[in-house]
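In what follows, every heavy atom counts, from backbone to side chain, and hydrogens, waters and symmetry copies are set aside. Just so it is clear, the structure is predicted and the values come from calculations on it, not from any experiment. Note that ligands are numbered from 1 as they come in the structure, with each ligand's atoms numbered from 1 the same way.
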Amino acid sequence: MRNDIERVLIDEAVIEKRLDAMAMEIARDFPEETLVVIILLKGALVFAADLLRRVPRVLEIECLNVASYHGGTESTGKVDFLDRHFPAVRGRQVLLLDDILDTGRTLHAVHERLRDEGAAAVRTGVLLAKDKTRAVDVTAEYVGFVVGDEFVVGYGLDYLGRYRNLPYVGVLKAAVIECPRTGQPDTAESVNL
Ligand code: 5GP
Ligand code: MG
């Protein structure tokens with residue numbers, strides 16, 4: 001797996017230190033009442049598991065399957081909610097977690113939905129935010145790291161379903177993107193985030 005990585009951008013020790021600080025920011029900002037945490041699957045799984053164990057608050061954890069339509073490494077903007085039931089958030093304090101803020105369309109769509117469902121307050125945390133102009137107006141209160149506008153994998157982020165379990169964030173070799181070993185063509189398809 002390491003052979004497929006061109007560069008490590010953020011190593012494990014640096015991520016862990018940053019998660020300690022983010023957890024303290026979250027604990028400070030939310031009042032003592034119980035929080036509902038919404039984890040966007042699958043990308044935010046690793047980040048959320050490591051972050052939430054550091055947050056000294058009573059938490060209720062919910063997961064949401066959201067899909068956006070991709071051509072492998074590019075988001076095209078359409079966002080679908082895949083679950084039959086949406087978590088009960090009416091009147092609740094919500095912490096929304098995703099892996100990366102890119103165009104912003106995913107977090108924007110989920111944020112709108114949370115508002116429609118009556119959440120009292122929503123704050124958003126992401127492991128990574130790309131340094132670029134967003135397609136929609138959305139910000140995250142908690143950002144682990146700002147990265148350049150390039151495709152990254154690891155620590156929950158995938159390429160064609162792989163590399164989520166890398167303990168660091170890195171950039172794939174161009175050859176892996178041009179010729180992935182799945183044997184499947186890299187065409188537009190619905191993927192689980
Ligand atoms: P959006 O464009 O809506 O902000 O981001 C949607 C989703 O695209 C993210 O949750 C993430 O799953 C995926 N994504 C965006 N940029 C990257 C990237 O650099 N690497 C990977 N692996 N996924 C990304
Ligand atoms: Mg993804």
* Asked: With E12, which residues qualify under salt bridge (charged side-chain N to carboxylate O under 4.0 Å, His left out), at least two apart?
  -> none

* Look at atom 22 (N) of ligand 1 and find which of D98, D158, V136 reaches it with the closest heavy atom. => D158

* Those atoms of ligand 1 less than 4.0 Å from some heavy atom in K130 -> 16 (N), 17 (C), 18 (C), 19 (O)

* Between the side chains of Y155 and N165, does any donor sit under 3.5 Å from an acceptor? -> no

* What's the spacing between D99 CG and D158 CG if we round to 0.5 Å? -> 8.0 Å

* To do: Mark up the atoms of ligand 1 that fall under 4.0 Å of a heavy atom belonging to R105, in ascending order.
  => 3 (O), 4 (O)

* Is Y159 near ligand 1, meaning one of its heavy atoms is under 4.0 Å from it? -> no

* Exam field: side chain E141 to backbone T124, donor-acceptor pair closer than 3.5 Å -> yes

* Would the number of heavy atoms belonging to other residues, nucleotides or ligands and lying under 6.0 Å from CG of D149 be above 12? -> yes

* Give a yes/no verdict on whether any heavy atom in E150 is under 4.0 Å from an atom of ligand 1. => yes

* What part of L107, side chain from CB on, backbone N/CA/C/O, both or neither, has a heavy atom under 4.0 Å from ligand 1? -> neither

* Structure fact -> Rounded to the nearest 0.5 Å, the NZ atom of K130 sits from the CG atom of D102 at a distance of 4.0 Å

* Structure fact -> Near T103 (heavy-atom distance under 4.0 Å), the atoms of ligand 1 are 1 (P), 2 (O), 3 (O), 4 (O)

* To do: Would you tell me which option among V79, T106, D99 has the nearest heavy-atom contact to atom 10 (O) of ligand 1?
  => D99

* **Proximal ligand 1 atoms for D102, defined as those under 4.0 Å from one of its heavy atoms** => 1 (P), 2 (O), 4 (O), 5 (O), 15 (C), 16 (N)

* Asked: Does any N or O atom in G104 lie less than 3.5 angstrom from one in ligand 1, N or O only?
  -> yes

* To do: Measure the shortest side-chain to side-chain distance between H85 and D83 over non-hydrogen atoms and say whether it is less than 4.5 angstrom.
  => no

* Donor-acceptor pair, side chain of R164 and main chain of L157, under 3.5 angstrom -> no

* **R134 to ligand 1, any heavy atom closer than 4.0 Å** => no

* Against heavy atoms of L157, which atoms of ligand 1 measure under 4.0 Å? -> 20 (N), 21 (C), 22 (N), 23 (N)

* **Value rounded to 0.5 Å, distance of CG in L19 from CZ in R54** => 5.0 Å

* Structure fact -> Near V152 (heavy-atom distance under 4.0 Å), the atoms of ligand 1 are 18 (C), 19 (O), 20 (N), 21 (C), 22 (N)

